[in-house]
Amino acid sequence: MRLRPNILVCISRNTIPLFHPPIIKDKIVQAEPKDLKHITVYLPSFQKDCLEKAFNKLSDVEFHWFLNDVPFKYTEGNITYYPVNQKFFNESLINCHGIITGGGFETPAEALYLGKKILSIPIRDHYEQECNAAALKKMGVPVVHEVGNDFDLVIENWLKSTVIYPKMKANNIPETLQFLFDTYYETN
């Protein structure tokens, strides 16, 4: 079995599944989260114009938007554009009120660990994203499958909602590895 840092480890012993929490980066685990009231946005697969219109309609909300084609940090109105950069992103996530992101695994897991609000928009027809989004939805996380002309209202309703998300624990890597070795290591 090959472990990837961004998957929930499901191991079966005597057909009883044992789930281990996700591996969360040390920077996130050691962080002291704050709510500086901004919304962190990481949606690399969405068209900028569509989202920008919605964000601009919410002029009283500050957005930190991470985009692949942004060469440096700059601000226009209520949107601060950031280049995709792990250090900037971690800092924004740790200090945000909530995050709007795709249906990946790592970012929602980290946001849940930090106790942040999440609005998930999975990439259409992307199996892993759809599966992750379904799991998030079962946990009470709002999932949006369509970004339309009323997306500003979707964001506004999400911000007003009082959903309580489950607490996410970080994986204890040494314990998980020891469990795997004890369970699956065969001596010759």
Side-chain angles (χ1 to χ4, degrees), residues 3-10 19-44 46 51 55 58-68 70-122 129 132-133 135-144 154-179:
L3 281 178
R4 287 182 20 209
N6 64 341
I7 60 172
L8 185 65
V9 179
C10 175
F19 290 93
H20 291 262
I23 296 171
I24 306 288
K25 293 188 292 275
D26 289 343
K27 171 79 173 160
I28 300 298
V29 171
Q30 295 164 1
E32 294 181 23
K34 296 179 184 126
D35 185 350
L36 300 182
K37 305 297 181 200
H38 66 269
I39 302 303
T40 300
V41 181
Y42 182 63
L43 292 167
F46 285 83
L51 296 171
F55 297 162
L58 299 167
S59 58
D60 59 331
V61 178
E62 181 185 340
F63 294 93
H64 289 189
W65 194 359
F66 291 81
L67 295 162
N68 290 323
V70 171
F72 54 87
K73 176 184 165 184
Y74 67 96
T75 301
E76 283 185 13
N78 62 326
I79 305 169
T80 301
Y81 299 88
Y82 287 85
V84 175
N85 172 295
Q86 193 68 59
K87 181 181 176 212
F88 292 153
F89 181 78
N90 286 345
E91 184 178 313
S92 181
L93 178 62
I94 290 165
N95 295 302
C96 74
H97 179 69
I99 182 162
I100 302 173
T101 190
F105 185 87
E106 183 176 3
T107 298
E110 291 174 348
L112 285 170
Y113 179 82
L114 293 167
K116 304 299 181 176
K117 286 185 104 159
I118 304 168
L119 180 60
S120 176
I121 310 171
Q129 293 245 338
N132 291 338
L136 288 169
K137 192 170 187 170
K138 279 188 170 189
M139 297 168 79
V141 173
V143 175
V144 176
V154 172
I155 296 170
E156 199 168 50
N157 289 334
W158 167 65
L159 290 173
K160 290 178 184 176
S161 72
T162 55
V163 176
I164 298 172
Y165 303 127
K167 297 283 184 198
M168 178 69 67
K169 288 176 46 182
N171 189 306
N172 182 314
I173 297 168
E175 284 179 17
T176 300
L177 290 174
Q178 190 61 54
F179 173 81

Checklist line | Spacing of F89 atom CZ and I99 atom CD1 [to the nearest 0.5 Å] | finding: 4.0 Å

Notebook entry, point to check: In terms of heavy-atom contacts, does CD of Q30 have more than 12 from other residues, nucleotides or ligands at under 6.0 Å?
Noted result: yes

Notebook entry, point to check: Quick one: side chain to side chain donor-acceptor pair (under 3.5 Å) partners of Q86, sequence neighbours excluded?
Noted result: N90

Note to self: So, using side chain to side chain donor-acceptor pair (under 3.5 Å) as the criterion, who are the partners of S92 when residues are at least two apart?
What the structure shows: H38, T40, H64

Checklist line | Inter- and intrachain pairs under salt bridge (Lys or Arg N to Asp or Glu O under 4.0 Å), touching residues 108-122, at least two apart | finding: K25-E110

Note to self: Nearest 0.5 angstrom please: T75 OG1 to E62 CD, how far?
What the structure shows: 7.5 Å

Next item on the list: Decide side chain to side chain contact (heavy atoms under 4.5 Å, CB included) for T107 and I118; before the verdict, give the C-alpha distance in whole Å, the side-chain angles of both, and the deciding distance to 0.1 Å.
Entry: CA-CA 10 Å; T107 298; I118 304 168; over 6 Å; no

Note to self: Any side-chain to backbone donor/acceptor pair from N68 onto P44? Under 3.5 Å, distance only.
What the structure shows: no

Note to self: As a quick check of understanding, evaluate side chain to side chain contact (heavy atoms under 4.5 Å, CB included) for L119 and I39, giving each step before the final call.
What the structure shows: CA-CA 10 Å; L119 180 60; I39 302 303; over 6 Å; no

Checklist line | From L58 atom CG to I155 atom CD1, the distance as rounded to the nearest 0.5 Å | finding: 5.5 Å

Checklist line | For W65, all residues meeting ring-ring contact (aromatic ring centres under 6.0 Å, His included), sequence neighbours excluded | finding: F55, Y81

Check: Donor-acceptor pair, S120 side chain versus V143 backbone, under 3.5 Å?
Finding: no

Next item on the list: Would you name the heavy atoms of P108 and G104 that are closest together and state the gap between them?
Entry: CG-O, 3.5 Å

Margin query: With salt bridge (Lys or Arg N to Asp or Glu O under 4.0 Å) as the rule and sequence neighbours excluded, what pairs involving residues 72-91 come up?
Written below: none

Next item on the list: Please examine the side chains of V84 and Y42, heavy atoms only from C-beta on, and report whether any two atoms are closer than 4.5 Å.
Entry: yes

Next item on the list: Can you see which heavy atom on A111 is nearest to which on L93, and at what distance?
Entry: CB-CD1, 4.2 Å

Margin query: Could you check whether any side-chain heavy atom of F63 comes within less than 4.5 Å of a side-chain heavy atom of N78, counting everything from C-beta outward?
Written below: yes

Next item on the list: Nearest 0.5 Å please: distance from the CG atom of L36 over to the SG atom of C96.
Entry: 9.0 Å

Next item on the list: Mind listing the closest non-hydrogen atom pair of P122 and V144 along with its distance?
Entry: CD-O, 3.4 Å

Notebook entry, point to check: So do I100 and W158 actually touch side chain to side chain, heavy atoms under 4.5 Å?
Noted result: yes

Next item on the list: Under the side-chain contact (heavy atoms from CB on, under 4.5 Å) rule, collect the residues that match up with V29, sequence neighbours excluded.
Entry: I24, Y113, A170

Notebook entry, point to check: Could you give the distance from CD1 (I28) to CD1 (I94), rounded to the nearest 0.5 Å?
Noted result: 4.0 Å

Check: Can you tell me how far CG of N95 sits from CG of D35, rounded to the nearest 0.5 angstrom?
Finding: 9.0 Å

Next item on the list: Answer whether the closest heavy-atom distance between the side chains of F88 and T80 falls below 4.5 Å.
Entry: no

